[in-house]
2 protein chains.
Amino acid sequence: MTERASPRVLLASASPRRRDLLERAGYAVDVRPAGVDEARRAGELPVAWACRLAREKAAAARAGGALLVAGDTVVHRDGAVFDKPSSPEEARQTLTHLAGRWHTVTTAVFVSGPRGQRPFHVDTAVRMRAMTAQDIERYVATGEPLDKAGAYGIQGIGGVYVASVVGSWTNVMGLPIEQTLAALELVA
Amino acid sequence: MTERASPRVLLASASPRRRDLLERAGYAVDVRPAGVDEARRAGELPVAWACRLAREKAAAARAGGALLVAGDTVVHRDGAVFDKPSSPEEARQTLTHLAGRWHTVTTAVFVSGPRGQRPFHVDTAVRMRAMTAQDIERYVATGEPLDKAGAYGIQGIGGVYVASVVGSWTNVMGLPIEQTLAALELVA
């Protein structure tokens, strides 16, 4: 078996989880976080918001013809978004809303390369188990919820509160790797 | 909020993943691996095998009235079992069989305590993405497949090859934590 050189990809995101997934899939990753205004527009639906941000991050990265991946993950239910909490109190509120219920994690991905552009998004349904006030307090105290959409990380301590997953689970980590690799092959 | 002392549980398993899940759920874990003959009997169906081993591990741990968790995880499809590989070659064979297809991960759990016994099992459907020979070679070379039922770890490097999950994802790690916690509450 001949070992191929790892193909290079630009990642328009500072997310260590997206980088890790691409690296584990065999890519050499150049991180180029894109500074875009991430505010949600009035009336903008959660999935539309994520798709717009992925596209804007891709544009801001100015990849030229290089292989590029941009992504944005939104945690939502019934049109309500559970964003990265800005404080422990907001993390507590988010977890109180998510505990014991189903929600949707959508990652919008924008892939581009010499052979064109492939924007897409993937939904995964996630059910968190019921959490007591003590569970929530203990989890918030770890600090993990503070930089995560939905105030939990499936790969970390938060995984113990994820009861059921229907769909891509790398999507819940922030990048649906199977679909992303397929898109990269189409544009490379 | 008053902090409760962590309840103690005996774990009749050497699996670091089961221990980790119980600890993250707030239990103080005493590990007491049970030495039982894990061979599958002729004609024994995969789920029946796992349930029997969980029961035998629980019996061998001689927990008395203490809280006890025993578990056995089997990866299977169409009656065929994909056990922990005994060599890199067997790991390659298993991954070749699982790649690109759905399989089932069943964890049989035997929980007991002062108020009785709760045996149960949980199935999760998992689809692995297609893997090239190079993907398989690279993954086997990490060593991770060698001590895992099904020759992959969803929590580790192998997670990148898991395309879809339907059901409990802690079950795929080796212990369906939501159901286990519910059973523990019933027998404690």
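Per chain, numbering begins at 1; letters A, B, ... match sequence-line order. Here the structure is a predicted model, which means the values were calculated and not measured.
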Exceeds 12 heavy-atom contacts within 6.0 angstrom, atom CD of B:Glu185: no

Neighbour count above 12 (heavy atom, 6.0 Å) for A:His97 NE2: no

Point-to-point distance, once rounded to the nearest 0.5 Å, from CZ of B:Arg129 to OG1 of A:Thr170: 8.5 Å

Single hit among B:Leu21, B:Leu22, B:Asp20 for side chain to side chain contact (heavy atoms under 4.5 Å, CB included) with A:Val160: B:Leu21

Connected via hydrophobic side-chain network under 4.5 Å: A:Val31 and A:Val109: yes

ILVMFWY network linking A:Val105 to A:Leu98, side-chain heavy atoms under 4.5 angstrom: yes

Most contacts with chain B, counted as non-hydrogen pairs under 4.5 angstrom, among A:Ala130, A:Ala125, A:Ala25: A:Ala25

Any side-chain heavy-atom pair of A:Glu178 and B:Arg127 under 4.5 Å: yes

Which atoms of A:Ile157 approach chain B - backbone, side chain, both or neither, heavy atom under 4.5 Å: both

Path from B:Leu146 to B:Val172 over hydrophobic side-chain contacts below 4.5 Å: no

Separation of B:Asp135 CG from A:Leu181 CG (nearest 0.5 Å): 8.5 Å

Side chain proximity check, A:Ile154 to B:Trp169, heavy atoms < 4.5 angstrom: yes

ILVMFWY cluster, B:Met173 and B:Val162 together (side-chain gap under 4.5 Å): yes

Straight-line distance of B:Arg24 CZ to A:Tyr139 OH, nearest 0.5 Å: 9.5 Å

